[in-house]
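Order of listing sets the numbers, starting from 1, for every ligand and every atom in it. The residues of the chain are indexed from 1 along the displayed sequence.
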Amino acid sequence: MSNLVQELEALEGEAIAALEGTTSRAETESWYADYLGRKGRMTALLRGLSGLPAEERPLVGQTANRIKGALEARLQERQGAMDQAAMEQALAAEGIDVSVPGRRPSVGKLHPTTATQREIVEIFAGMGFQVYDSPEVESDEMNFGLLNFAPDHPARDMQDTFFTTQKDVILRTHTSPGQMRCMLEYAPEPIRVVVPGKVFRNEDVTARSEMMFYQVEGLVVGKKITFADLKGTLLNFANQMYGKGRSIRFRKSYFPFTEPSVEVDVDCVLCGAKGCRLCKHTGWLEILGAGMVHPVVLQNGGYDPAVFSGYAFGMGIERQAMMKRSIDDIRYFYSNDARFLERVG
Ligand code: DAH
């Protein structure tokens, strides 16, 4: 038998042993280059083929092909086993547990002011009120003058005003100018609207007052509208907002745009009128101001006070939220503390 066949078989044995000793894919690749590559040892041996007698060549060729095939098969097997082991190791290291619950995306919610505003508007919508939009930047005339505030009347001091660099242009101090805009737009049609929105007061910020807050105004104008209508509407509101069986009481008050004027209290939601810290031991919580629309205001809005009458009311939205949800500091609403915003709403 040709020497070359023996040498090839010896090479096979050596190659198998070397392959067994590889520990990484990179090592198997250089093993391939060493034994089977274009510049490898098998190729080098086969260079001797041309020096052999023609009858010996086929056997050498067959042997070389068998060995090459066998080595390649072993190589594949070894690389497959290495890949499998690497994957098992990676899986064990990553420790994927498909039964662990996923991360919940955090879903936003309505701001407590918005939620409360919607609640209030919905209650009045149920009684047939429509929503009227009115601007936050107002004329002095609309905010005060047409609402029967005399130019130097001390009532203006109750609502410290933000002025602008433009004469007579102010930030509205209450939603009441919405009454006037609505009347001017719809006179002599009957009116039943609520006007929700932002208002501004140039005041020190304390636990009880912000310089920007929200109100809901109410206005009803028509023929034969009486104080009894106002009472019934507000009692219905108090029962829906603060719970069935609530009582309300009216205290006389003063607003330039209503006559008579009242402040309306609801029996304390916390103690049921027995007296507690929330109601300052009076048993009552003030929820809003109201009254019959002043004849001068009706007239300014385009309604003949001899024919038409009306009532109006105005309430602070944060104030309702604070009473209903026992919040003791209005500053929480706009200080962007996510803990508050998540808890309340
Ligand atoms: N505008 C008043 C305020 O901001 C609240 C108010 C009182 C509104 C009586 C009314 C009303 O419509 O009739 O303090």
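Less than 4.0 angstrom separates some heavy atom of Gln179 from each of these atoms of ligand 1: 12 (O). Within ligand 1, counting atoms from 1 as listed, the ones closer than 4.0 Å to a heavy atom of Gln215 are 3 (C), 4 (O). Close approach to Gln159 involves these atoms of ligand 1, each under 4.0 Å from a residue heavy atom: 3 (C), 4 (O), 14 (O). Near Arg201, meaning under 4.0 Å from any of its heavy atoms, are these atoms of ligand 1: 3 (C), 4 (O), 14 (O). Near Ser176, meaning under 4.0 Å from one of its heavy atoms, ligand 1 places the atoms 1 (N), 8 (C). Taking a cut-off of under 4.0 Å to the non-hydrogen atoms of Phe255, the atoms of ligand 1 that pass are 7 (C), 9 (C). Atoms of ligand 1 lying under 4.0 Å from any heavy atom of Thr258, numbered from 1 in the order shown and given with element: 13 (O). Taking every heavy atom of Gly291 and a limit of under 4.0 angstrom, the matching atoms of ligand 1 come to 13 (O).
Neither the backbone nor the side chain of Tyr311 comes within contact range of ligand 1; no heavy atom lies under 4.0 Å. Of all the heavy atoms of Ala312, the ones lying under 4.0 Å from any atom of ligand 1 are found in both the backbone and the side chain.
Between Arg78 and Glu20, the closest heavy-atom pair is NH2-O, 3.2 Å.
A donor-acceptor contact closer than 3.5 angstrom links the side chains of Tyr132 and Glu185. Side-chain atoms of Thr22 and Glu27 form no donor-acceptor pair, as typed in the model, at a separation below 3.5 Å. Counting only N and O atoms by type, the side chains of Tyr334 and Glu318 include a donor and acceptor under 3.5 Å apart.
Nearest protein heavy-atom contact of atom 11 (C) of ligand 1 is Phe257 CE1, 3.4 Å.
Phe144 pairs with exactly one of Phe255, Phe257, Phe149 by the ring-ring contact (aromatic ring centres under 6.0 Å, His included) rule, that one being Phe149.
Scanning Arg172, His294, Glu217, Glu263 for the heavy atom closest to atom 10 (C) of ligand 1 points to Glu217.
More than 12 heavy-atom neighbours from other residues, nucleotides or ligands sit within 6.0 angstrom of CD on Glu72.
Close N/O approach between Thr173 and ligand 1 is not found [any backbone or side-chain N/O within under 3.5 Å].
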- [ ] Evaluate salt bridge (Lys or Arg N to Asp or Glu O under 4.0 Å) for Asp83 paired with Arg25, printing each intermediate quantity in order.
- [x] CA-CA 8 Å; Asp83 290 349; Arg25 229 175 194 284; 3.1 Å; yes
TODO: Test Lys252 against Glu263 for salt bridge (Lys or Arg N to Asp or Glu O under 4.0 Å), laying out the working first.
DONE: CA-CA 6 Å; Lys252 64 184 186 309; Glu263 265 157 329; over 6 Å; no
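Between Tyr311 and Phe227, the distance separating the two ring centers is not shorter than 6.0 angstrom.
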